[in-house]
Amino acid sequence: MDATGEPRVELTPAAAELLCRLRAEHGPLMFHQSGGCCDGSAPMCYPEGDFRTGDSDVLLESLAVPGVAEPVRFWMSRAQYGVWAHTRLIVDVVPGRGSGFSLEAPEGVRFLIRSRVIGS
């Protein structure tokens, strides 16, 4: 949550539905958003714990997803957070193939971040 009590990260209905399917297949999930090259600007979805987080990462939100028993934690690299600190992130799904490392890749879709400035 941000200082106003609003979530820092939200899901579109399509993203929430895809997370339900991925959870059924892979177990508990997590996101990590880096600032790297290639698909580094896209959020990567992993089985919880498969991507190691540490002092160089910030936990932005623990997402409650209808139909998923546990929260889906959304992490961001600290360097990327410095750039996006004043935005609300909206996780969406679009057709196309994203990174081979993210769980949705075989589904023919990819997660995408949409954003808006906090307070707007």
Side-chain angles (χ1 to χ4, degrees):
M1 299 274 177
D2 65 18
T4 67
E6 294 292 319
R8 296 300 307 256
V9 182
E10 301 173 20
L11 299 169
T12 64
E17 189 274 328
L18 179 56
L19 285 171
C20 281
R21 289 197 331 256
L22 292 173
R23 168 57 174 93
E25 185 174 344
H26 300 282
L29 305 170
M30 67 180 288
F31 277 108
H32 189 271
Q33 173 82 43
S34 72
C37 68
C38 307
D39 281 327
S41 60
M44 299 288 121
C45 183
Y46 302 101
E48 177 67 41
D50 270 17
F51 186 93
R52 290 194 152 197
T53 57
D55 291 342
S56 63
D57 300 294
V58 175
L59 177 60
L60 289 185
E61 199 73 45
S62 291
L63 298 163
V65 182
V68 174
E70 63 285 317
V72 176
R73 295 189 294 170
F74 191 102
W75 295 87
M76 180 178 277
S77 73
R78 191 169 299 281
Q80 185 75 356
Y81 178 72
V83 175
W84 289 21
H86 302 293
T87 59
R88 179 163 294 117
L89 307 179
I90 300 125
V91 181
D92 201 359
V93 176
V94 294
R97 186 158 168 88
S99 169
F101 297 114
S102 194
L103 292 176
E104 81 282 2
E107 304 282 324
V109 295
R110 64 186 180 94
F111 287 110
L112 174 83
I113 291 292
R114 301 181 191 283
S115 64
R116 68 176 188 260
V117 175
I118 292 175
S120 66

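One-based numbering along the sequence shown.
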Heavy atoms only: give me the nearest S77-D57 pair and the separation to one decimal. CA-OD1, 3.7 Å
Side chain to side chain contact (heavy atoms under 4.5 Å, CB included) between I118 and T87, worked out: CA-CA 5 Å; I118 292 175; T87 59; 5.5 Å; no
Separation between CG of L89 and CG of L112, rounded to the nearest 0.5 Å: 11.0 Å
Kindly work out whether a path of hydrophobic side-chain contacts (I/L/V/M/F/W/Y, heavy atoms less than 4.5 Å apart) joins I90 to L59. no
Supply the atom-to-atom distance S115 OG to R88 CZ, rounded to the nearest 0.5 angstrom. 11.0 Å
Which residue, V93, D92, V72, V65, forms the side-chain contact (heavy atoms from CB on, under 4.5 Å) with L11? V65
Going through the checks in order, is the side chain to side chain contact (heavy atoms under 4.5 Å, CB included) test met by V68 and E70? CA-CA 6 Å; V68 174; E70 63 285 317; 3.5 Å; yes
Compare all side-chain heavy atoms of C45 with those of L19 and state whether any distance is below 4.5 angstrom. yes
Give a yes or no on whether a salt bridge exists between E10 and R116, defined as a side-chain N under 4.0 angstrom from a carboxylate O. yes
To the nearest 0.5 Å, tell me how far M44 CE sits from H32 NE2. 10.5 Å
Using the rule given for side chain to side chain contact (heavy atoms under 4.5 Å, CB included), can you reason through R114 versus V94, listing the C-alpha separation, both sets of side-chain angles and the distance that settles it, and then say yes or no? CA-CA 11 Å; R114 301 181 191 283; V94 294; 3.7 Å; yes
Would a hydrophobic clustering, with Ile, Leu, Val, Met, Phe, Trp and Tyr connected at side-chain separations under 4.5 Å, put F111 with Y81? yes
What is the minimum heavy-atom distance between E48 and L29, and which atoms define it? OE1-O, 3.2 Å
Give the C-alpha distance, both sets of side-chain angles, the deciding distance and a yes or no for side chain to side chain contact (heavy atoms under 4.5 Å, CB included) between R8 and M76. CA-CA 11 Å; R8 296 300 307 256; M76 180 178 277; over 6 Å; no
Check the pair R21, E17 against salt bridge (Lys or Arg N to Asp or Glu O under 4.0 Å), reporting the backbone distance first and the verdict last. CA-CA 7 Å; R21 289 197 331 256; E17 189 274 328; 2.6 Å; yes
Taking all atoms of both residues into account, what is the closest heavy-atom pair of P43 and S102, and its distance? O-OG, 4.0 Å
Where V9 and L63 come nearest, the two heavy atoms and their spacing: O-CD2, 3.3 Å
Distance, nearest 0.5 Å, that separates CG of L60 from CD of Q33: 9.0 Å
Atom pair OG1/CH2 of T53 and W75 - distance to nearest 0.5 Å: 4.0 Å
Between atom CG of D50 and atom NE2 of H26, what is the distance when rounded to the nearest 0.5 Å? 10.5 Å
